[in-house]
Amino acid sequence: MIDEIEEIVFDEIAIADTVRELGERISRDYEGKELVLICILKGAAIFTTDLARSISSPATLEFIQASSYGLTTSSSGNVIIKKDTETDLQDKHVLLVDTIIDTGKTMECLFKLLSARRPASLNVVVLLDKSCKRQVEVPIAYKGYDLPDKFVVGYGLDYGEHYRNLPYIAALKADG
Ligand code: IMP
Ligand code: MG
C-alpha cells in the first residue's frame with residue numbers, strides 16, 4: 001500500500017463482487033433491450049468498463065465529460081461539458097454511469113441535458129453514494145455502496161489527477 005493512503009475502504013475483491021451484482025441486476029432489468037452506457041469521464045472510466053463486462057444485454061458505450069471540481073476536493077457546482085456524446089440518444093435506453101455521487105450537481109446537470117434528448121429511458125448507476133452530502137435530488141436506480149463524508153481515491157477516482165489507477169478504493173491521509 002502506498003504511503004499517502006490511510007486505509008483501504010473497498011478492496012479489489014469487494015469491488016468486483018459489487019460490480020458483478022450491479023451488472024446482473026441491470027441485465028435482468030434491461031432484458032430484451034439494447035442499452036447505451038454513458039461513462040462520465042474521467043472518474044467512471046474504470047467502473048464503466050468493468051460494469052459493461054458484467055452486463056449480458058447488448059450495450060453500446062458513450063463518453064461524456066463534465067468538469068466541476070478542478071484540483072480541489074469540494075464541489076463548485078459550476079458544471080461545464082468538456083466532451084459530449086456522439087450518437088443520437090432519442091428512443092434509446094440510456095444508463096448514466098459514475099463512480100461516485102456527492103452533492104449531485106454534476107449528475108443533475110447531465111441528467112437534465114440527456115433527458116432533453118428524449119431517450120426511451122434514462123437511469124443512473126453509481127458505485128458509491130455520499131448521500132449525506134447531497135444538495136440536489138437525483139434519482140439513482142442502481143448503487144453499490146453508501147459512503148460517509150470521506151474523500152476517497154482509486155478505481156478511477158482522483159486527487160489532483162493522481163491515484164486513478166489504484167485497483168482499490170482508499171481514504172487519503174489528512175496531510176496527504
Ligand atoms: P458532485 O457534483 O458533487 O456530485 O461531484 C461528483 C464528482 O465529484 C464525481 O464524479 C467525482 O469526480 C468527484 N468526487 C466527489 N467525491 C469524490 C471523492 O471522494 N473522491 C474523488 N472524487 C470525488
Ligand atoms: Mg476529480
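Residues take their numbers from the sequence shown, with the count starting at 1. Every number for a ligand or one of its atoms is a count from 1 in the order of the listing. This one's a predicted model, so the numbers in the text were calculated from it and none came from an experiment.
Annotation for ligand 1: atoms under 4.0 Å from non-hydrogen atoms of K105 are 2 (O), 4 (O). The distance from ligand 1 to the heavy atoms of T103 drops below 4.0 Å at these ligand atoms: 1 (P), 2 (O), 3 (O), 4 (O). Within ligand 1, counting atoms from 1 as listed, the ones closer than 4.0 Å to a heavy atom of K150 are 19 (O). The distance from ligand 1 to the heavy atoms of V152 drops below 4.0 Å at these ligand atoms: 18 (C), 19 (O), 20 (N), 21 (C). Here is the list of ligand 1 atoms found below 4.0 Å of a heavy atom in K130: 16 (N), 17 (C), 18 (C), 19 (O). Those atoms of ligand 1 that come under 4.0 Å of a heavy atom in D158, given as number and element, are 21 (C).
Within the 4.0 Å heavy-atom shell around ligand 1 one finds D98.
With T106, L41, V9, V126 as candidates, the residue nearest to atom 7 (C) of ligand 1 on a non-hydrogen basis is T106. Within the set G154, S67, G104, the minimum heavy-atom distance to atom 4 (O) of ligand 1 is found for G104.
Residues L127 and L51 fail the side-chain proximity criterion, which asks for heavy atoms closer than 4.5 Å. For the pair I40/T48, no side-chain contact is recorded, criterion being any heavy-atom separation below 4.5 Å from C-beta on.
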>> Under the criterion side-chain hydrogen bond (donor to acceptor under 3.5 Å, both in side chains), I'd like the reasoning laid out for Y159 against E4: C-alpha separation, chi angles, the key distance, then a yes or no.
In response: CA-CA 11 Å; Y159 176 64; E4 307 92 285; over 6 Å; no
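At a threshold of 4.0 Å, the pair R134-E137 does not count as salt-bridged, since none of the basic side-chain nitrogens sits closer than that to a carboxylate oxygen. A salt bridge links K112 with E108: at least one charged nitrogen is closer than 4.0 Å to a carboxylate oxygen.
The aromatic rings of H93 and Y30 lie perpendicular to each other, with more than 60° between the two planes, well past the 30° mark. A tilted orientation is assigned to the rings of Y155 and F47, their planes being inclined by 30° to 60°.
Sorting the N, O or S atoms of D158 by how far they are from the Mg ion (ligand 2) puts OD1 first.
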